[in-house]
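Data first, discussion second: the structure below is written as structure tokens.
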Amino acid sequence: MARVLIVAEHDGSSVLQSTAKCVACAAQMEPEAVDVVVFAGDPDSAARLGGQAAGIEGVTRVLAIADPANAHAVAAVLAPQIVDTAREYSHVLGPSTTFGKDLMPRVAALLGVGQISDIMAVEAPYRFRRPAYAGNVIETVECEPDGMLVGTVRAASYRPSPAASSPAPIEQRETSADLPRHTLFVELKAQQADRPDLQTASRVVAGGRAFGSAENFALVEQLAEKLGAAVGASRAAVDAGYASNDLQVGQTGKVIAPDLYVALGISGAIQHLTGIKDARTIVAVNRDPEAPIFEIADIGLVADVFEAVPALIAALEQRRR
Amino acid sequence: MTDAPRRILVCIKRVVDYNVRVRVDNERTGVVTDGVKMSVNPFDEIALEEALRIRERGDADEVVVCAVGSSDWQQQLRTGLAMGADRAVLVETGTSLEPLAVAQTLHAVVQREAPMLVLLGKQAIDGDNNQTGQMLAALWGRPQATFASSIVLSGESARVEREVDAGLEVLDVDLPAVVTTDLRLNEPRYVKLPEILKAKRKPLDVVPLGELGVDAGRRFRVVRVEEPPRRGRGIQVDTAEQLVAALDEKGVL
């Protein structure tokens, strides 16, 4: 029987949905217990965040650990505390977000066990499906049901576990681990509030080489603004200097799975397609009817971007009225 | 201050080139790699580029490029030498190691080389595990800064900007440390022919894995590899208005 420990992700004020998704994943493991550990900088935050975690359906118990060192999630500081807590569990899970990707391998190595990254589905408590090669292949991986297992849970594969009818009990715990002082959190520079983050946005509008210049690339931004979407770019557009590196979508850039992806003047190189194929709806606008992007697009429009994008903006404005 | 060289160790992986469309093999337990173009993992190339820039700024004396794999991997280490690394180390093994075993191996290399900084890509584009750097930092008991988009060394510490979901996080880490590199850190240089020729004369040490006393056993077994369901071609529209109408119909707007 699986005893699962989940490391909660929060932003200081709220427990993030990624945590409820981990609970949903744990529920597939025939669990005997699903405990959530919450790290916070002070007892008040620990109680508040612990209360939120306790309100997730399927949670058996919440462990709330308050320590000034936990005010910001620093992997080197959290990992030894998780190791201290983990001894009575068979599985230790975290979300496959930058928080969990950073933290969980450190936990696994301290425990001396392997990790399964990006769990998409649980076939049995020690048998999982996960993507590799940017989602171009799906691996089924298993191990002997002995010892402990660390895993990260792929957000796009799970719906968050709903709110519980009655909250789970919360246990306050002290930090017993020896915490390192070699890593210091300095600051978090948050995203501009008016522009959604490319990695987590529900809508993304991306442009390719067809725009011809950084000035013309502003058309991509205009349509993105109209749709409340994040802006992305193909590798070709980035290489040509039309858009910055951090906007690159594809296997060597960001692999994304928005509800809506609009590809403007992007032909669809393999490495780009692998980065977007988990999008729910893909729209492609390209002058070349033979462009590979059309092979995976749900809606295709063969047109020049300089005509089609202003027309799209106009049509969206028309629709609003 | 000691006179020991300020060394950067860069760990690279040989992977299927990012432009290759991977295919599941006949046994359905892996992907076809025979006759397929292999390259340095793109994120590791960024790590190497950063190490070279740090050395060129005068903040490091030596850049050592290291890999854990078969003798074929010498080819990618030579690429690293051609980019500008001073020397290379191949820990040679015929078997494919899991991330924890790779981290244990790199930890053994770290103990031999005593670097002030270890740089590697945030993940390899084959397994997409995103584990090795963090595991190495844990085994070494040193700081980690993953997904770096900026690295500035100052004396005994480094200030690293990290690309996290909520924005950019800034960490100060004591050296030595492990930093894993993200896409926007830099754009790797192109290798010129004279450098390729010069790289053939640079030292490349081969160390058998067995010499390092690492348990290379696998814990995980890949029981099946398959391609995900394919997306079909959708509908074609003729105007922007029709496109917006089609989106409306799908309930996407």
Side-chain angles (χ1 to χ4, degrees), chain A residues 11 75-76 79 97-98 101-102 105-106 108-110 114-115 117-118 131-143 182-191 197 199-200 245-246 248 251-253 259-260 270-271 277 281 283 294-301 308 311-312 315-316 319, chain B residues 18-19 21-22 24 31 42 98-100 103 125-131 134-135 137-139 142-144 146-147 159 163-174 183-184 187 219-228 231 233-237 239-241 243-244 246-248 250 252:
Chain A
D11 61 8
T97 56
T98 53
K101 287 175 177 174
D102 182 43
R106 190 158 183 125
L110 291 179
Q115 173 179 307
S117 297
D118 298 311
Y133 290 93
N136 278 311
V137 305
I138 309 298
E139 293 179 347
T140 303
V141 183
E142 68 175 12
C143 66
H182 52 47
T183 307
L184 182 72
F185 172 89
V186 180
E187 63 173 324
L188 176 67
K189 301 173 185 171
Q191 304 278 351
D197 170 44
Q199 190 79 72
T200 51
N245 260 348
D246 54 314
Q248 187 179 318
Q251 185 170 20
T252 52
D259 290 337
L260 173 63
I270 295 155
Q271 74 92 15
K277 62 184 178 38
T281 300
V283 173
F294 287 123
E295 283 167 32
I296 67 160
D298 299 288
I299 308 173
L301 171 62
L312 275 170
L316 285 164
R319 178 183 172 275
Chain B
Y18 73 87
N19 269 317
R21 190 188 288 268
V22 296
V24 173
V31 304
E98 290 173 359
L100 182 59
I125 62 164
D126 50 3
D128 284 337
N129 282 303
N130 197 330
Q131 299 176 9
Q134 295 91 310
M135 287 179 160
L139 298 173
R142 295 305 306 167
Q144 70 186 46
T146 49
F147 325 129
R159 175 158 292 193
E163 268 195 72
V164 296
D165 293 334
L168 277 182
E169 187 189 82
V170 184
L171 288 183
D172 279 347
V173 294
D174 291 349
L183 197 71
R184 77 162 124 175
E187 283 178 43
R219 176 158 188 231
F220 299 112
R221 191 165 61 249
V222 177
V223 277
R224 194 168 65 244
V225 170
E226 59 209 309
E227 286 176 18
R231 292 184 82 105
R233 183 187 275 263
I235 59 162
Q236 205 74 22
V237 295
T239 67
E241 291 74 19
L243 202 165
V244 171
L247 285 174
D248 255 331
K250 281 181 169 286
V252 187

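Numbered from 1 within each chain, the chains take letters A, B, ... in sequence-line order. Values in this document were obtained by computation on a predicted structure and should not be read as measured data.
- The side-chain heavy atoms of A:Ile138 and B:Glu227, taken from C-beta on, include no pair separated by under 4.5 Å.
- The side-chain heavy atoms of A:Phe294 and B:Arg233, taken from C-beta on, include a pair separated by under 4.5 Å.
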Decide side-chain hydrogen bond (donor to acceptor under 3.5 Å, both in side chains) for B:Thr146 and A:Asp102; before the verdict, give the C-alpha distance in whole Å, the side-chain angles of both, and the deciding distance to 0.1 Å. CA-CA 6 Å; B:Thr146 49; A:Asp102 182 43; 2.6 Å; yes
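- The choice from B:Gly234, B:Pro42, B:Ala246 that makes the most heavy-atom pairs within less than 4.5 Å of chain A is B:Gly234.
- Atoms CG and CD, on A:Leu316 and B:Glu241 in that order, are 10.0 Å from each other to the nearest 0.5 Å.
- In this structure, no portion of A:Ala79 lies under 4.5 Å from any heavy atom of chain B.
- Counting heavy atoms from C-beta on, the side chains of A:Thr183 and B:Asp172 never come closer than 4.5 Å.
- With chain B as partner, the option from A:Val141, A:Asp11, A:Thr97, A:Leu110 having the largest number of non-hydrogen pairs under 4.5 angstrom is A:Val141.
- Looking only at distances, a side-chain donor or acceptor of A:Thr98 sits under 3.5 Å from a matching main-chain atom of B:Asp165.
- Counting only heavy atoms from C-beta outward, the side chains of B:Val170 and A:Lys189 approach each other to under 4.5 Å.
- B:Tyr18 touches chain A through backbone and side chain together, each having a heavy atom under 4.5 Å away.
- Contact of B:Leu100 with chain A is made through the side chain alone, with heavy-atom distances under 4.5 Å.
- Closest approach of B:Gln134 and A:Lys101 over heavy atoms only: NE2-O, 2.7 Å.
- Of the listed residues (B:Val244, B:Leu247, B:Ile235), the one with the most heavy-atom contacts under 4.5 Å to chain A is B:Ile235.
- For the set A:Ala75, A:Ala132, A:Pro131, the entry with the most heavy-atom pairs within less than 4.5 Å of chain B is A:Ala132.
- Both the backbone and the side chain of B:Val252 come within less than 4.5 Å of a heavy atom of chain A.
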Does B:Asn130 form a side chain to side chain contact (heavy atoms under 4.5 Å, CB included) with A:Asp118? I'd like the steps, not just the answer. CA-CA 10 Å; B:Asn130 197 330; A:Asp118 298 311; over 6 Å; no
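- The minimum heavy-atom distance between B:Leu171 and A:Phe185, with the atom names listed, is CD2-CA, 3.7 Å.
- If you measure heavy-atom distances from A:Leu312 to chain B, the contacts under 4.5 Å come from both the backbone and the side chain.
- With rounding to the nearest 0.5 Å, the separation of CD in B:Gln144 from NE2 in A:His182 is 9.0 Å.
- A donor-acceptor pair under 3.5 Å links the side-chain atoms of B:Asp128 to the main chain of A:Ala134, judged by distance alone.
- For the set B:Asn129, B:Val31, B:Val225, B:Val173, the count of heavy-atom pairs under 4.5 angstrom toward chain A peaks at B:Asn129.
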Step-by-step salt bridge (charged side-chain N to carboxylate O under 4.0 Å, His left out) determination, A:Asp298 to B:Arg231: CA-CA 9 Å; A:Asp298 299 288; B:Arg231 292 184 82 105; 2.7 Å; yes
Should A:Gln271 and B:Asn19 be marked as a side-chain hydrogen bond (donor to acceptor under 3.5 Å, both in side chains) after you check the CA-CA gap, both sets of side-chain angles, and the distance that decides it? CA-CA 6 Å; A:Gln271 74 92 15; B:Asn19 269 317; over 6 Å; no
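- Contact of B:Ala137 with chain A is made through backbone and side chain together, with heavy-atom distances under 4.5 Å.
- A:Leu188 contributes atom CG, which lies 6.5 Å from atom CD of B:Glu169 (distance to the nearest 0.5 angstrom).
- The backbone N or O of B:Val222 lies less than 3.5 Å from no partner atom in the side chain of A:Glu139, so there is not a single donor-acceptor pair.
- For B:Glu226, the salt bridge (Lys or Arg N to Asp or Glu O under 4.0 Å) criterion is met by A:Arg129, B:Arg224, not counting sequence neighbours.
- With a 4.5 Å cut-off on non-hydrogen atoms, B:Val223 touches chain A through its backbone and its side chain both.
- Looking at B:Glu98, there are no atoms closer than 4.5 Å to chain A (heavy atoms on both sides), in backbone or side chain.
- Using a distance-only test at 3.5 Å, with no hydrogens or angles considered, no donor-acceptor pair links the side chain of B:Asp126 to the main chain of A:Tyr133.
- Under the 4.5 Å side-chain criterion, counting only non-hydrogen atoms from C-beta, B:Leu243 is in contact with A:Ile299.
- Listed here is the closest heavy atom pair of B:Arg219 and A:Gly114: NH1-N, 4.1 Å.
- Highest contact tally toward chain B, considering only A:Thr200, A:Leu260, A:Leu301, is held by A:Leu301 [criterion: heavy-atom pairs under 4.5 Å].
- Here the side chain of A:Gln115 pairs no donor or acceptor atom with the backbone of B:Gln131 at under 3.5 angstrom.
- With sequence neighbours left out, A:Asn136 forms a side chain to side chain donor-acceptor pair (under 3.5 Å) with no residue at all.
- By number of non-hydrogen pairs under 4.5 angstrom with chain A, the leading residue of B:Leu139, B:Val24, B:Asp248 is B:Asp248.
- When heavy atoms are compared at a cutoff of 4.5 Å, A:Gln199 approaches chain B solely by way of its side chain, counted from C-beta outward.
- For B:Pro228, the parts lying near chain A are the backbone and the side chain together; criterion is any non-hydrogen pair under 4.5 Å.
- Interface remark: of the candidates A:Ala76, A:Cys143, A:Gly300, A:Gly300 forms the most heavy-atom pairs closer than 4.5 Å to chain B.
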